[in-house]
Structures are given as C-alpha cells and as structure tokens.
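Not measured: the values here are computed from a predicted model. Note on naming: letters A, B, ... go to the chains in the order of the sequence lines (proteins, then strands), and numbering restarts at 1 for each one. All heavy atoms count here, side chains included; hydrogens, waters and symmetry mates do not.
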2 protein chains.
Amino acid sequence: MRRTPVGRQTRARGIPEATVARLPLYLRALTALSERSVPTVSSEELAAAAGVNSAKLRKDFSYLGSYGTRGVGYDVEYLVYQISRELGLTQDWPVVIVGIGNLGHALANYGGFASRGFRVAALLDADPAVVGSSAAGLPVRHMDELESIVESQQVSIGVITTPPGAAQQVCDRLVEAGVTSILNFAPTVLTVPDGVDVRKVDLSIELQILAFHEQRKAGEEPESGRGEESVLDRAPGPVRAAAAKLRRAAGGAKDAKDGKAESGKAEAAKGQGAKAQGARAEQPRGESERSAVMPA
Amino acid sequence: MRRTPVGRQTRARGIPEATVARLPLYLRALTALSERSVPTVSSEELAAAAGVNSAKLRKDFSYLGSYGTRGVGYDVEYLVYQISRELGLTQDWPVVIVGIGNLGHALANYGGFASRGFRVAALLDADPAVVGSSAAGLPVRHMDELESIVESQQVSIGVITTPPGAAQQVCDRLVEAGVTSILNFAPTVLTVPDGVDVRKVDLSIELQILAFHEQRKAGEEPESGRGEESVLDRAPGPVRAAAAKLRRAAGGAKDAKDGKAESGKAEAAKGQGAKAQGARAEQPRGESERSAVMPA
DNA sequence: TAGATTGTTAATCGATTAACAATC
DNA sequence: TAGATTGTTAATCGATTAACAATC
C-alpha cells in the first residue's frame, strides 16, 4: 500500500515523528524570542535555545517548507505561526481532565495549556467528596457527566489522571463518547481501538531510566566487567540449559519473590548505600554474579 | 576512540537507549504477573501486557543475557530481579523534590516511587508560606537546606517542579551540591555540565503532539493537498527569494505578532471551532494558503 | 518425538549528522 | 563582491521487524 510519489519524494503527508516531537521545543524557544521582540534568528542560535543541534533543526524545518532566508536566518514571527499551524495550535482544543487528585490539579493549573490553544472544558472525578469542589477556577463535575460534556463541547482530547485501576474504564468511556486522543498519566497500558491515539507520561519510568544511567556512572572509571555475560550464559548448550532449568526450578513464585534481593551479593550491594558518586559503589560484577543472585 | 570488541560484538557496555526505556514497562508487567503468582510467561504474552511486539521484546532481552527457556518462556521472578538489577533498582535512591506546588505534591505522593527503590529524601521550596507544611507525611524544608541535605544524604537524583524561571538556578545548585541526574518538569531547557543527565517531562509538549495527530485525523478522508508546498516555495530561485524577503519585510516583530493568526484564511480556520471529528474542519489547504496567512 | 518458544540473523526502515552547494 | 547561512545530499548510525534455526 505504498503512496504514490508526487515528485522526488512524496513529502505531503509525512513529517517524521521525531520531528513532530521537536516542533513544540522550537515553538517554545521561538515564543521566548518573540517576547523579546527578536526579529530573526539563525538555525545555530535557535538550535542552541531549543537544545538540539543545528543540522537537525534545519532538517526538521525542511519538512515544513522553506521558511528561512539564506545568509539571514528565520523570521521569528513567521516561524512561530507556521509551526503553530503545523501542530494544529491555531485552533481551539477543548480538553477534559479525568481524575482530580494532586496531578489533576497540577494539570488544571498548568499555564502551558491555555497559551497553546488548549482549553480545559471540564474536570471530572468519581469521588463525591471531590465533586463540587473547584480547581483552577473550574468546578469538578461528576463522571456521570462525561458523555454529555464530551459530546456537547466536541471534546476530542482526554487526559487521564486517575488511579491505575480506573484508567482503562475511563478510557473506554472517553473513546465511546467520541474522544480520539488520550494523554495517559496512569501507569497502565491502555487498549484502544484503531484511530485513537494514546500518549503516555510515566513519572516512575523517567526516574528508572535516570537510575540506570546513574548506576553506570558509579562503576564507570575503569573498563570494569559490568554488564558482561556470565560464564554460564556463554557456555555451550547443555550447560546453559541446565542453568536455565535450575533457575526455573528455583522458586514457587512467592518464596522466590521474597528472597529475591536479599541473598548473596545482591544484599551486599544493597547495603552499600546509594550514590557513591565517583566511587565504586559495587564491586565490579564478576563471573559468578548472575548465579550468586539467583533465588536460593 | 572505538571500544575494543571482545567477541562478535562488544555488548558489554551497550544496552540501546530504546531498550533501556522499555525495561521499566516490562518490569511493570512482570510485577503484575508476579503479584498474581504467575510462574512463567512467554515473550508473546509479556509483550502483549507491556504493549510492544514480541520480536522487539526478545531482542531487548537478548541484550541482557539469555534469561529464557526455549519452548517454555521466562521465569517471572527471575526476570523481575534481573531487570531490576539492570535498571539499578535493587539499590536505594534518595531523591529530592524541589518546588512543592501541585505537581510537587503529586510526585511526593506518587506510589510508583517507593516501590521502585526511590525514596524521597526531602521536599524543598523557596516560599516561606509553604516551608513547614507537610506533604506525603514529609515536612517541606527551605531551599537553604538544599546543599546540606544533598551532601549528608548522598542524593544523586533531583526532581525539579519549580516555575520555569527558577529551574536553571535550582539545577545549578543541585549540580553544585553533587546531584548528577535531574528530572525536569519545568518547561525550560536546562544547561548542565558533562556527566550530568537531564530528562525532561513536559506536559504541554505531549498535548501538542496529540493535537498534531488529531488535526490530521480531521482532514484525513481524501488525499487532500494538506501539507503540500505552496507554488511559491516550489518556484524557481528568484521568486522564492522575493517571497522570503516579502515575509521578512512584513513585520516589525510586535506588529506582525499581534496580527499573525488574525488575518486571511487563518482567521477563518480558527473560527470554525475545534474537533470536527470525522468531518473536514478546514478546507483542504490550497496553493495560496501559505502566502494568504502571511502577516499582511 | 512433536510442539512450543527462545535467541539471533539479516533485511528494512527511520533518524542523525557533517558537509557543502545554493543563495541571500 | 565577500561573508553568512540555509536547504539538501549522502553517509552513518541505531531501531524495528519478520523469519527461522536452535533448543527446550
């Protein structure tokens, strides 16, 4: 099902996802320049302000069209408008926020929304104790009103800030009512029909990624054996098979779970405390590491 | 400065970033299985639970080692532990949260932290009205204490939930005090020295990306000319040059800014309201679109 | 042994980057 | 004209995916 190329390249429909994800960064940087009444900006300057490299920025802009002037740079105002239009921010997007806990409150108050064409059409919650209170100057309404609000206000974007257990159900109702884009803050994988977009923001995942890199920093100085396979996994077939079997045999789930981080080297590593900035927090992982931490 | 390959492939140091970013997803799915005491899981099942495809999952796991058993699947408990260890979650990570507004509160209360080895070491705020109050059972302390807390508690991860204007300054202090990983919720590009990791969570950017796709859905049905270059931009050099010059000449910044979305077709499009789910919200973008929306 | 499932290969796709001709 | 800067090319890198041999 290839699209028919129009000229050299089809272009018409396809702005790469990676580029789309950076457009808001450019837009923010440009808006700041605009507020300072800066008339033009070079790819080099703008890239620095947006935190990307200039080749990437120019490539990104090339997907939108030729909006710059060689030898001069880009007209700030013109570019603000073009990017806004490309992102769909020149129209008004009513949004519902479902789940008005701390995070829902934070979002309702978030300044970056209104300034970008997003308008909070309603705040919804299932808890009668919360319904009727107000956040960011808007009343919190009951979930029962979800369908009527989405329909009457033509809401196409929903934000889910409920507890994880409620997220899928809320999602289903939103979709059923006509919402086709969902921003999900609940730590749940949502299932949606084709044609519905879901984006996920997960606070804990971001921290986990940081922890991964932080851990690497700690043991970094020499080319330590960190991350190397164990001998078992490099061994010829039968040995590996035996090792795997052993691992599987090791635990009737629950038992193994409780003991998982509390035996052998794992315990030792844990006891050494966090951080250890610039110092080796754990001994370089040795050959028998992997088997040593197996549930006993 | 290439690393010396050990065998076929160096492997030791390099788990691809894309894989690292998915490990927390697998971990979450596995934790759920573990709580249901499911002993083993196939790549197909686990992939479905994590919302990825199974080939990708197997490829991801292959970077960690050979933890599965052919014909059987993966041992849930064992895999939970291996991924936790790989991510650095078997150690304790004290974290400071700076800026205790709604979002700071939400994070302080976020359950996903504690369960993953993250421990809130302190909540900090600059506002005397907030200092002394408590959130999630912890006292909010004054920014003045930042350095002493980071140093005494060996904090290596900082979370910034301040207003954008304060973010860089807070970041500088965190880094100076010894923090080497920062999770930034403020809509600001942070500058940090080498060796410091910054990850950014931007609520407004996610919504903007959704709006982009939502906009596409609305005008989707026929292969409309949407996104096509204007004749001017496809025209031979001199004409394009003239067009660009015209654009640049169009506005002494402020003037252009005020008028930017308020003239010609842009205004018309804006007036048509949001959504238009399944119906063409805007007329198919025509040839002269781009010039029509230029600041007049 | 037969059925199931992993781990790996290789092809493909998409994103990044440096370099530079085109053009102001 | 000379200096500056864009827009594009092409090389490179990294991620995804289907397919399947290896192995339980």
Side-chain angles (χ1 to χ4, degrees), chain A residues 2-3 7-11 14-22 40-48 51-75 78-79 229 233-249, chain B residues 2 7-11 13-22 40-48 51-75 78-79 229 233-249:
Chain A
R2 288 222 144 270
R3 258 177 273 108
R8 253 191 326 270
Q9 202 195 340
T10 168
R11 237 291 321 271
I15 297 180
E17 266 304 305
T19 296
V20 172
R22 281 187 295 265
T40 58
V41 66
S42 71
S43 62
E44 202 68 58
E45 295 163 330
L46 183 54
V52 303
N53 88 29
S54 66
K56 196 186 283 185
L57 176 141
R58 287 197 301 278
K59 187 79 168 127
D60 284 341
F61 285 1
S62 78
Y63 294 113
L64 308 184
S66 292
Y67 293 155
T69 306
R70 289 166 139 105
V72 177
Y74 299 90
D75 181 277
Y78 186 65
L79 204 45
E229 305 119 297
D233 291 311
R234 245 178 326 196
V239 178
R240 288 170 55 196
K245 191 175 225 164
L246 205 136
R247 292 192 298 246
R248 298 202 46 249
Chain B
R2 289 220 144 274
R8 251 190 327 271
Q9 202 194 341
T10 166
R11 236 294 316 277
R13 216 133 264 292
I15 297 181
E17 266 305 304
T19 296
V20 171
R22 280 188 295 265
T40 59
V41 66
S42 72
S43 62
E44 202 68 58
E45 294 163 331
L46 183 55
V52 304
N53 88 30
S54 67
K56 196 186 284 183
L57 176 142
R58 287 199 300 278
K59 186 81 167 125
D60 284 341
F61 285 1
S62 78
Y63 294 112
L64 308 183
S66 293
Y67 294 153
T69 305
R70 289 166 141 105
V72 177
Y74 300 90
D75 181 276
Y78 185 65
L79 203 46
E229 305 119 297
D233 291 311
R234 244 180 325 199
V239 178
R240 287 170 55 195
K245 191 177 226 165
L246 206 136
R247 292 193 299 247
R248 295 203 48 247

Bracket string, DNA chain D, 5' to 3' - pairs by Watson-Crick or G-U geometry under 3.5 Å, | interstrand: ..||||||||||||||||||||||
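Residue R58(B) has its side chain nearest to dT6(C) when only dT9(C), dA18(C), dT6(C) are considered. Out of dT16(C), dG7(D), dA15(D), the shortest distance to the side chain of S62(A) is found at dG7(D).
Checked against side chain to side chain contact (heavy atoms under 4.5 Å, CB included), A48(A) has no partners two or more places apart in sequence or in another chain.
The structure places CD1 of I15(B) at 12.0 Å from CZ of R22(B), a figure rounded to the nearest 0.5 Å. How far OG of S43(A) is from CG of D60(A): 11.5 Å, rounded to the nearest 0.5 Å.
Y67(A) has its OH atom 17 Å from the P atom of dC24(C), to the nearest Å. Counting to the nearest Å, the C1' atom of dA19(D) and the NZ atom of K56(B) are 17 Å from each other. Spacing between atom CD1 of I15(A) and atom P of dA15(C) amounts to 12 Å, rounded to whole angstrom units. Separating the OH atom of Y63(B) from the P atom of dT9(C) is a distance of 11 Å, rounded to the nearest angstrom. The nearest whole Å value for the distance from the CG atom in L57(B) to the P atom in dA15(D) is 16 Å.
Each of F61(A), Y74(A), Y78(A) was checked for a ring pair (Phe, Tyr, Trp, His ring centres under 6.0 Å) with Y67(A), and the lone residue meeting it is Y78(A).
Contact annotation: R22(B) side-chain N/O to dT16(D) OP1/OP2 distance is under 4.0 Å.
Both F61(B) and E17(A) lie close to DNA chain C; mapped to their nearest nucleotides by heavy-atom distance, the more 5′-ward contact belongs to F61(B).
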N/O to N/O distances under 3.5 Å, protein versus nucleotides 2-5 of chain D:
residue: dT5(D); atom: O4'; partner: G71(A); partner atom: N; Å: 3.1
residue: dT5(D); atom: O2; partner: G71(A); partner atom: N; Å: 3.4

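Taking the side chain as every heavy atom from C-beta outward, S62(A) and R58(A) never approach each other to under 4.5 Å.
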